[in-house]
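A short worksheet on the structure shown next.
Quick note: numbers below take in every heavy atom, side chains included, and nothing from hydrogens, waters or symmetry partners. All values derive from a computational prediction rather than experimental measurement. When a ligand or atom number is given, it counts from 1 through the structure's own listing order.
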Amino acid sequence: MNSWVDGAAGSSYDVDNLPYGVFSRGDEPARVGVRIGDFVLDVAPVAAGEMLESAHVFEAPSLNPLLALGRPVWGSVRSWLVGLLSDETERDLVEPNLVPVDDVQLRMPFEVADYVDFYCSLQHATNVGRIFRPDQEPLKPNWHHLPVGYHGRAGTVVVSGSPVRRPRGQLKPADAESPTYGPSERLDIEAELGFLVGAPTAIGEQVPTSAFADHVFGVTLLNDWSARDIQAWEYVPLGPFLGKSFTTSVSGWVTPLAALDAARVELPGQDPEPLPYLAVEQPAGYDIDIEVVLNGEVVSRPPYSAMYWAAAQMLAHLTVNGASLRTGDLFASGTVSGDDPGQRGSFLELSWGGKEPFGDGRTFLRDGDEVSLRATAPGSLGGRIALGEVTGRIEPAE
Ligand code: CA
């Protein structure tokens with residue numbers, strides 16, 4: 001059944017999508033909204049009117065109270081929303097609470113607890129290995145045995161539309177004897193998916209791959225802005241640090257995991273077979289088509305279906321040592337890159353380490369550049385659903 005909302009039926013925001021965000025309008029307090037067509041449903045007054053037990057969570061300026069309620073509530077709220085927005089008899093009740101999406105401001109939709117970034121694309125990891133360490137095997141011996149990751153900086157995760165300031169730091173070109181300090185000259189993007197944790201765990205608990213959907217509420221597009229020159233000098237031996245931590249952007253809309261059921265696909269294949277705690281029931285991948293848009297031009301089309309490690313494996317690995325989960329934890333997939341050069345999810349790869357200019361003759365990001373990530377996936381109504389876009393514009397170093 002399609003939505004009765006004007007323009008929503010058959011669009012990429014029909015009732016098979018229903019992403020959540022936090023919006024404000026004028027001086028009104030920020031609160032939870034759900035996107036339907038080109039409107040935002042102001043959920044709080046409708047939920048209060050219908051005396052929904054969870055009504056209070058929609059008045060919050062963050063999704064975290066909803067996230068904390070757990071999967072059974074996420075499911076019942078979603079069914080309730082689908083009913084409201086597809087059953088014509090609900091129109092009189094709901095319509096006064098629809099706000100045109102152009103009239104609202106989207107806020108950071110959740111409070112990030114911890115942030116982890118993985119490295120789960122075989123193609124991306126291989127490309128980066130070849131570019132950074134041309135005289136060595138591109139992949140380290142651990143790569144095929146575990147989803148490699150590092151802890152990022154939760155406090156610098158920002159919502160789409162926030163400016164991205166070019167970072168300064170230590171830079172050391174390969175042929176220089178000692179480092180200098182200055183603005184990054186190799187500022188880059190990383191096209192990724194972010195997974196948002198709702199249901200927490202206690203220290204000592206492990207989350208098996210089969211419990212993935214009990215803990216993960218939804219996904220956002222994520223741009224892991226990266227300063228390659230800072231990164232190349234600092235990353236040995238403890239991994240990424242200041243080359244990544246200055247800004248990470250997420251979309252204002254969080255797509256519920258339930259909306260991606262029709263997008264599930266088998267992983268491309270894992271060899272060797274992972275250890276038993278990483279065994280995962282198929283289909284464990286997601287068929288999500290991403291587009292990287294630079295100043296209005298599509299420069300790459302990374303396919304999420306090519307990812308080697310499943311998100312359920314990332315979560316199982318993240319907790320296998322007993323590390324707890326908190327509501328608002330965010331873990332990202334790592335840059336998504338496919339087999340073809342036109343499917344690479346970073347400028348580092350698109351320009352092959354800065355040696356092969358692409359697009360308008362560029363290698364890395366210039367001040368004033370605007371990058372957007374967009375994505376669609378198969379929806380359950382036979383069409384495609386859209387993930388919320390994530391955009392950022394580069395501002396000059398201070
Ligand atoms: Ca990354």
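The pair E398-R165 meets the salt-bridge criterion, since a charged nitrogen lies less than 4.0 angstrom from a carboxylate oxygen. Salt bridge annotation for D224-K244: present, with a cationic side-chain nitrogen under 4.0 angstrom from a carboxylate oxygen. A salt bridge is defined here as a Lys NZ or Arg NE, NH1 or NH2 lying under 4.0 Å from an Asp or Glu carboxylate O, and D188 with R228 meets this definition.
Within E192, the N, O or S atom lying nearest to the Ca ion (ligand 1) carries the name OE2. Residue-level check: among N/O/S atoms of D224, OD2 sits closest to the Ca ion (ligand 1).
To the nearest 10 degrees, the angle centred on the Ca ion (ligand 1) between OD2 in D117 and OE1 in E190 reads 150°.
Checked by atom type and distance alone, the side chain of W74 pairs as donor or acceptor with a backbone atom of L66 at under 3.5 Å.
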